[in-house]
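Take a look at the structure below.
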Amino acid sequence: MQDLELTAEEKEVLAGARGPGPAKAMELVAAVGRAMGAGRLVPISSAHVSGISYANIGPHGLSFIREILEGVDRLPVRTTINPCGMDLDAADSWGLPREFVEGQKAIIDALSAAGAEPLLTCTPYRAGAGIERGSVLAWAESSAVCWANSMLGARTNRVGGPEALASAIVGRTGEYGLLLDRNRLPTHVVDAVVYLKDPSDFGLLGLSIGAMAGSGVPFVRFAVDQPEPSESDLLYMAAAMAASGAVGLFYAEGAAPPPAGGGWEDRASKVRIDSLDRAKGMLGNSRGAPDLVAFGCPHCSVGEMKEISRLLNGRRVKATTWVMTSRKAAERAEAEGVLDNLRASGVQIVRDTCVVSAPLDRLGFTKVALDSAKAAFYCPSHCGVEVIHSSARECVEKAVRGR
Ligand code: F3S
């Protein structure tokens, strides 16, 4: 393994020339780079910081963020933030404890004061964070990492939340893993010989692939009669494979072609998936009436909100129903009248947070119906709730029937 070489400027930052926060940040970025076998640090054009929900990191997380930002006037690169623990406009109606609300706002204030954009979404690329092909990022949100590497032509590792913030402070990340050509070749060729009817099925396929490929790079080939996947199909698949495994990059026939050459065809493992049953078994699907029906993991686009509105077709929901999205996408949907239709059906537009980032148990939910395999995979362990995973169409019917 090569030694990590820091430049003179990086050594100065490490020695405290720019203050205690940047020194701590450089120490963290260098330590991760060294542990991962990086030979040097490289500049990044963007950081995306996750792990900022007060429900998950509490007062210790807030202290860490304040400490590492000490002495930071302005983050040197564009920095966006993942969902937090609540819809900032719903703090009162959700009845969360004052300590929680104030702690969450303090986290966002600390990051915003340093220049981070509080997009509070896991789909920053849908909320105006334009990414140029070939750009190097330090993103910490597994679904966004998988999307950026696979569909946006960027390069980023699956960095942890603290590392992403440290990289945002020093504008650097270690050159290792998915930043290097040799680690971006397919390791598995997956023949998905199963018909996938909608994004929920693509999510199940993603769960199977992630569990099988681990931190590998799958190249997915679909059945010959499979219609071309939509953006939602691929995003649900990406998010799920990044949840059940540690996939940070995939290729998909027709949508994200694998690199030519490199000799990977002979070396890659060949896998055939002809059923979604294994993935369904990973979700421990519950039965009965959900007390929450939630759409938007990853956060809904305007098109996805339109589709939910179309499926509702003016009917009112009986179950509490969330459509989770970013403020930017909500603004666009508002302008197009989509939110009016959803609200008229009794749907709550939830921004800034999601089912995994919000304290569902404190909010009194026990059983959640979801069309997202990623959310269904995480919710039982992260939020202590039972899940019912089904298609968006079936979730809408459950919301309308209330059972
Ligand atoms: Fe996004 Fe939350 Fe799902 S961060 S990908 S909506 S678990």
Side-chain angles (χ1 to χ4, degrees), residues 48-57 80-88 104 107-108 118-127 129 139-151 156 158-161 164 199-200 202-204 206-207 210 231-248 250 283 292-301 304-305 308 321-330 348-360 363 365 368-385 387 389 392 395:
H48 181 73
V49 181
S50 71
I52 59 115
S53 165
Y54 196 76
N56 299 329
I57 65 173
T80 49
I81 314 177
N82 224 35
C84 69
M86 63 186 185
D87 182 321
L88 296 178
Q104 185 61 76
I107 289 171
I108 295 167
L119 292 183
L120 301 172
T121 182
C122 48
T123 56
Y125 44 86
R126 281 176 167 176
W139 277 18
E141 157 51 46
S142 64
S143 68
V145 166
C146 206
W147 195 253
N149 277 316
S150 312
M151 304 302 294
T156 175
R158 288 169 54 114
V159 302
S200 68
F202 276 83
L204 290 171
L207 282 187
E231 179 180 298
S232 303
D233 292 333
L234 293 169
L235 186 52
Y236 271 50
M237 182 179 79
M241 66 171 73
S244 61
V247 174
F250 70 91
L283 296 180
L292 174 64
V293 180
F295 303 93
C297 172
H299 271 175
C300 276
S301 64
E304 288 162 352
M305 287 186 261
I308 297 161
T321 303
W322 285 3
V323 164
M324 306 176 295
T325 189
S326 66
R327 283 180 181 257
K328 297 268 182 188
Q348 296 176 26
I349 311 304
V350 172
R351 302 160 308 175
D352 313 322
T353 189
C354 74
V355 280
V356 174
S357 303
L360 288 192
L363 294 171
F365 297 117
V368 187
L370 302 146
D371 68 334
S372 162
K374 171 178 175 173
F377 184 77
Y378 277 140
C379 269
S381 57
H382 278 56
C383 317
V385 296
V387 294
H389 177 258
C395 285

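Counting starts at 1 for both ligands and their atoms, following the listed order.
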Is there a side-chain contact between [X] and [Y] (heavy atoms, below 4.5 Å)?
| X | Y | value |
| --- | --- | --- |
| Phe295 | Thr321 | yes |
| Met151 | Tyr125 | no |
| Val293 | Trp322 | no |

Practice item. Examine ligand 1 and decide if any of its atoms is less than 4.0 Å from a heavy atom belonging to Gly296. Key: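 It does, in that a heavy atom of Gly296 comes within the 4.0 Å cut-off of ligand 1.
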**Study point:** Close-contact set for ligand 1 against Glu141 heavy atoms, below 4.0 Å
**Key:**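 Numbered from 1, ligand 1 contributes 4 (S), 5 (S).
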**Study point:** Summary of salt bridge (charged side-chain N to carboxylate O under 4.0 Å, His left out) pairs that have at least one residue in residues 233-247, sequence neighbours excluded
**Key:**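 Counting only pairs at least two positions apart or across chains, no salt bridge (charged side-chain N to carboxylate O under 4.0 Å, His left out) contact touches residues 233-247.
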Practice item. Please identify each residue that fulfils ring pair (Phe, Tyr, Trp, His ring centres under 6.0 Å) with His299, with sequence neighbours left out. Key: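 Testing His299 for ring pair (Phe, Tyr, Trp, His ring centres under 6.0 Å), a comparison that skips the adjacent residues, returns none.
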Exercise for review: For Phe202, check ring pair (Phe, Tyr, Trp, His ring centres under 6.0 Å) against everything at least two apart and list the hits.
Suggested key: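 Partners of Phe202 by the ring pair (Phe, Tyr, Trp, His ring centres under 6.0 Å) criterion, ordered by chain and then number, come out as Phe222.
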Check your understanding: How close do Asn56 and Ser357 get, heavy atom to heavy atom, and via which atoms?
Key ->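 What the structure gives for the nearest pair is ND2-CA, 4.3 Å.
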Review point. With a cut-off of 2.8 Å, which protein N/O/S atoms are close to atom 2 (Fe) of ligand 1, if we only count those under it?
Key: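 Under 2.8 Å from atom 2 (Fe) of ligand 1 - ignoring waters, which are not counted - the protein N, O or S atoms are Cys354 SG.
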